[in-house]
Structure formats: C-alpha cells, structure tokens
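Bear in mind that the values here come from a model prediction, so they are computed numbers and not experimental data.
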Number of protein chains: 2
Amino acid sequence: MADDSAVVADFPAAGHDHARCLAGALATAEALCRHRGLRLTELRRQVLELIWAEHRPIKAYELLERLRERRSGVAPPTVYRALDFLLQEGLIHRVESMSAYIGCSAPERRHPVQLLVCRRCAAVAELADGEIEALLRRKAQGLGFEVDSATIELEGVCPQCRG
Amino acid sequence: MADDSAVVADFPAAGHDHARCLAGALATAEALCRHRGLRLTELRRQVLELIWAEHRPIKAYELLERLRERRSGVAPPTVYRALDFLLQEGLIHRVESMSAYIGCSAPERRHPVQLLVCRRCAAVAELADGEIEALLRRKAQGLGFEVDSATIELEGVCPQCRG
DNA sequence: CCTAGAATGTTATACCGTACCGAATATGCC
DNA sequence: GGCATATTCGGTACGGTATAACATTCTAGG
C-alpha cells in the first residue's frame with residue numbers, strides 16, 4: 001500500500017455507470033466551490049457537465065456546439081472563460097497533446113497530474129503519483145531547476161483496446 | 001555514474017558559444033541524414049539552422065518570418081513540412097506547452113525526452129533520463145497501459161533566472 | 001435602492017496547422 | 001543521355017484554437 005492512492009481514475013471498465021460519476025463530479029464541484037466561496041454559475045456548471053458527460057477529452061469548439069443546443073448565441077470566449085475557471089480550480093485538466101479537456105477525478109485536493117491517453121479510443125486514466133512527482137523534482141533539482149508545474153502525458157494503448 | 005548520460009543539454013551557461021553549437025548541430029544532422037539515406041535539403045537545413053540560431057523554443061510563424069528573409073514566397077505548409085521532417089528524424093522537439101520547436105541535442109540516438117522550460121527566460125534543458133522513463137512505464141503497466149510515447153515538460157525557473 | 005466588482009455577451013481578429021493541387025526536382029532504370 | 005517515378009516544394013484556401021477589447025448584465029454587500 002505504498003502508493004495506493006496514486007491512481008485517481010482508472011480506465012472506465014465495461015459496466016461503468018456514466019450517469020453516476022457525472023452526478024458525483026457535479027456534486028463535488030458544487031461542494032468545493034461553496035467551500036472556497038466561488039460561484040459555480042449555471043454556465044460553468046453546464047460546461048463541466050458537458051465535459052463529464054463525454055467522459056473522454058472533449059475539444060473547446062465541440063463544447064461550444066453542445067452549449068449552443070442549450071443556450072443561444074454562445075461565442076468562443078464564453079466557453080474559454082468557463083474552461084479557465086474550471087482549470088484554475090482544478091476541476092478539469094487540459095490534455096495538451098490533444099488540445100482538449102477532461103474532468104478531474106480528485107479536485108478536492110491539489111495533486112500532481114499524470115495522464116494516460118489511449119490512442120485508439122481516447123480514454124484517459126489519471127494518476128496523482130507522488131513518486132513520479134518526487135523523481136522529476138529531484139532530477140530537475142540536480143540542474144538547479146525549480147519546478148512550478150508539470151505536463152506529463154503518456155500516449156499508448158489502454159487495457160480494453162489491447163483486448 | 002548510474003545516470004550520467006541523462007542530461008543531454010543543460011541550461012546554456014553565461015559564456016556559452018552559440019555559433020559553435022549551431023555548427024555542431026548542423027554537422028551532426030548532415031551526417032545523420034547521410035547515414036540514414038535521407039535528404040537534408042536546403043530548406044530543411046535552413047529551418048534547422050534558424051531553430052538552432054534561436055537556442056530557445058521558436059514558433060512556426062516566427063520561423064516563417066525569418067525564412068522569408070532568405071527565400072521568397074514562403075507559406076505555412078513549407079515550414080510545417082520541414083518541421084515534420086525534422087521531428088520525424090528526432091532532430092528537433094516540439095514544446096507542447098508553448099506550441100514551439102527546439103533543437104534536439106542528441107539526435108543520433110532515439111531516447112526518451114524530458115524538457116525543463118524556464119518560465120522567465122524560456123531557456124530549455126533536455127533530459128533523456130532512463131530512470132524517469134522506466135518509472136513511468138512501470139506505473140502505466142500497473143494499469144495495463146502500454147506506453148508508446150510520452151510528453152514530459154516541467155515548467156519552472158532555471159538556475160540563471162534564480163540568480 | 002445603489003454601487004462596485006464579477007460574470008457574461010458580442011464582435012473582431014490573431015495564431016496554429018492542414019488539405020489539396022500543381023510545378024519543380026531528384027532518383028533509378030534502360 | 002533519356003525517360004518514368006517518387007519526393008520535395010510552391011501556393012491557395014481554409015479549418016481549428018484562442019484571445020483582445022468593449023458592452024452589458026448580474027450579484028453581493030452597504
């Protein structure tokens with residue numbers, strides 16, 4: 001049980017209940033914002049919901065389309081502002097290698113983030129592995145470099161797609 | 001000497017000789033392409049030269065501007081094609097977090113890449129650390145995930161900027 | 001209420017990257 | 001050399017990503 005808490009979100013299994021984890025994520029976000037004195041407005045909540053509904057990385061302009069089915073006259077800045085807020089509060093992550101966004105599975109605490117992205121089905125697993133974090137920090141320190149943040153993304157094939 | 005070869009390129013020191021490492025990089029690229037039976041055309045050589053001349057991550061459209069000072073009628077695809085070739089052959093790396101490109105300091109052999117990017121001066125150090133690679137692979141394997149490639153970028157402050 | 005700050009609406013534009021097609025150039029074969 | 005073939009390059013047009021700047025609306029607190 002040395003690093004049991006490292007896996008924040010495994011790849012979704014076959015019988016995985018989407019609706020349930022969506023509801024859970026929204027509830028957590030609501031609680032978290034209340035606790036931090038922030039406003040999870042209707043817009044922000046809708047964007048977060050659309051992201052979790054996908055349960056895969058989703059692109060900003062895809063969100064824009066979906067949002068337009070619910071609200072009229074939504075323009076890019078509207079989406080990007082909501083994304084900025086959610087990123088800021090650690091409620092979502094940006095997948096750099098895809099220019100896309102995905103819900104964070106453990107937003108209540110700040111944690112290092114390592115993403116495993118399947119190149120077949122685009123499913124994502126999320127790690128918050130302290131051992132990786134520590135090793136990277138140690139290596140950087142060896143060069144006198146002080147790490148502020150890290151982008152760690154592994155592309156490969158998930159267990160489901162390996163069959 | 002467990003991991004002495006991990007640091008491929010440290011942050012450039014004060015008295016660092018730009019011209020020399022540019023020349024070295026071009027010579028290496030030339031040798032490497034000859035060895036692989038590939039054509040380091042004038043265009044590709046010029047793009048590689050512009051990237052190394054900067055010695056910092058440089059953006060595609062910045063390269064485009066610089067190229068236009070030497071050639072007439074250069075359009076985006078011209079630059080991107082050259083970049084694709086150089087990326088393919090491991091002669092340069094893409095810095096995902098900046099949408100920019102930087103020369104690889106050890107192109108002769110394929111290696112894992114970890115980049116340390118200074119958020120003050122944008123200087124970059126390059127690691128090819130097998131220990132990091134192995135740890136990531138091991139963690140991924142724990143989830144049944146098979147890693148094909150990785151994007152590892154650390155943002156922070158370099159020793160020079162820390163003063 | 002009233003007001004200051006936050007959030008959102010709206011327009012326009014900058015930046016990053018690619019599909020596609022045709023021209024030029026290099027390479028291998030006779 | 002002359003020819004067919006494949007690679008590379010020029011150039012147009014466009015699509016995807018993101019933000020600047022300013023107007024408007026909403027919200028919380030006095």
Side-chain angles (χ1 to χ4, degrees), chain A residues 29-30 33-51 54 56-89 91-102 122 151 153, chain B residues 29-30 33-34 36-51 54 57-89 91-102 122 151 153:
Chain A
E30 212 125 356
C33 286
R34 200 174 325 115
H35 183 257
R36 293 184 189 166
L38 299 170
R39 291 162 56 191
L40 186 63
T41 63
E42 183 58 16
L43 173 67
R44 292 165 176 174
R45 209 194 55 77
Q46 281 185 0
V47 169
L48 184 61
E49 184 175 346
L50 287 171
I51 290 173
E54 199 59 22
R56 262 174 186 46
I58 182 171
K59 305 206 158 211
Y61 275 66
E62 216 174 324
L63 281 171
L64 184 56
E65 277 182 40
R66 306 265 169 96
L67 251 192
R68 278 177 169 153
E69 296 166 2
R70 302 194 186 184
R71 313 174 141 247
S72 63
V74 181
T78 299
V79 168
Y80 281 104
R81 277 190 295 240
L83 289 172
D84 286 346
F85 172 84
L86 298 170
L87 285 168
Q88 178 73 30
E89 297 308 319
L91 290 163
I92 62 173
H93 300 301
R94 181 182 151 87
V95 185
E96 292 290 338
S97 56
M98 302 180 66
S99 299
Y101 305 84
I102 190 163
T151 304
E153 294 177 14
Chain B
E30 211 125 356
C33 285
R34 200 174 323 115
R36 293 184 188 167
L38 299 170
R39 291 160 57 192
L40 185 63
T41 62
E42 183 57 19
L43 173 67
R44 291 166 176 172
R45 208 194 57 78
Q46 281 185 1
V47 170
L48 184 60
E49 184 175 346
L50 287 171
I51 290 174
E54 199 60 22
I58 182 171
K59 305 204 159 211
Y61 275 66
E62 215 174 323
L63 281 171
L64 184 56
E65 277 182 40
R66 307 264 169 98
L67 251 193
R68 278 176 170 155
E69 296 166 3
R70 303 192 185 186
R71 312 173 142 250
S72 63
V74 180
T78 299
V79 169
Y80 281 104
R81 276 189 297 243
L83 289 173
D84 285 345
F85 173 83
L86 298 170
L87 286 167
Q88 178 73 32
E89 297 307 321
L91 289 162
I92 63 174
H93 299 301
R94 181 183 151 88
V95 185
E96 293 291 338
S97 56
M98 302 179 67
S99 300
Y101 305 85
I102 191 163
T151 303
E153 294 178 13

Legend entry - Stepwise salt bridge (Lys or Arg N to Asp or Glu O under 4.0 Å) test for A/Arg45 and A/Glu30: CA-CA 9 Å; A/Arg45 209 194 55 77; A/Glu30 212 125 356; 5.4 Å; no

Legend entry - B/Lys59 vs C/dC16: side-chain N/O to OP1/OP2 distance below 4.0 Å: yes

Inset, instruction - Tell me whether the OP1 or OP2 atom of C/dG9 has a side-chain N or O from A/Thr78 closer than 4.0 Å. - result: yes

Inset, instruction - May I ask you to list the residues of residues 37-46 of chain A, by number, that have any heavy atom positioned under 4.0 Å from an atom of DNA chain D? - result: A/Arg39

Legend entry - Sub-4.5 Å side-chain heavy-atom contact between A/Arg70 and A/Glu49: yes

Inset, instruction - Flag the pair B/Glu54 / B/Leu50 as yes when at least one side-chain heavy-atom distance between them is below 4.5 Å, and no otherwise. - result: no

Legend entry - Side chains of B/Ser97 and B/Glu153, donor plus acceptor under 3.5 Å: yes

Inset, instruction - Write down the distance between CD1 (A/Ile58) and C1' (D/dT17), rounded to a whole number of angstrom. - result: 15 Å

Inset, instruction - Return the minimal non-hydrogen interatomic distance between A/Tyr101 and A/Ile51, and the atom names on each side. - result: O-CG2, 4.1 Å

Inset, instruction - Taking the side chain as every heavy atom from C-beta outward, state whether A/Ile102 and A/Arg56 have any pair of such atoms under 4.5 Å apart. - result: no

Inset, instruction - Would you indicate whether A/Glu42, at its atom CD, is surrounded by more than 12 heavy atoms from other residues, nucleotides or ligands within a distance under 6.0 Å? - result: yes

Inset, instruction - For the residue pair B/Arg44 and B/Arg39, establish whether any side-chain heavy-atom pair is separated by less than 4.5 Å. - result: yes

Inset, instruction - Tell me which of A/Phe85 and A/Pro76 sits closer to the 5' end of DNA chain C, going by the nucleotide each one is nearest to. - result: A/Phe85

Legend entry - Residue whose nearest DNA chain C nucleotide is more 5′ - B/Met98 or B/Pro77: B/Met98

Inset, instruction - Could you tell me the separation between the CG atom of A/Leu86 and the P atom of C/dA7, rounded to a whole number of Å? - result: 12 Å

Close N or O pairs between protein and nucleotides 21-23 of chain C (under 3.5 Å):
none

Legend entry - Close side-chain approach of A/Val74 and A/Leu43, heavy atoms under 4.5 Å: no

Legend entry - Interatomic distance where OH belongs to B/Tyr80 and P belongs to C/dC20 [whole Å]: 18 Å

Legend entry - Under 3.5 Å side-chain donor-acceptor pair for A/Gln46 and A/Arg71: yes

Inset, instruction - Figure out the CG/P separation between A/Asp84 and C/dA7, and round it to whole Å. - result: 12 Å

Inset, instruction - Can you sort out which residues in residues 61-73 of chain B have a heavy atom within less than 4.0 Å of DNA chain D? Ascending by number, please. - result: B/Arg71, B/Ser72, B/Gly73

Legend entry - Any B/Tyr101 side-chain N or O less than 4.0 Å from OP1/OP2 of C/dG17: yes

Legend entry - Side-chain heavy atoms of B/Ser99 within contact of B/Tyr61, under 4.5 Å: no

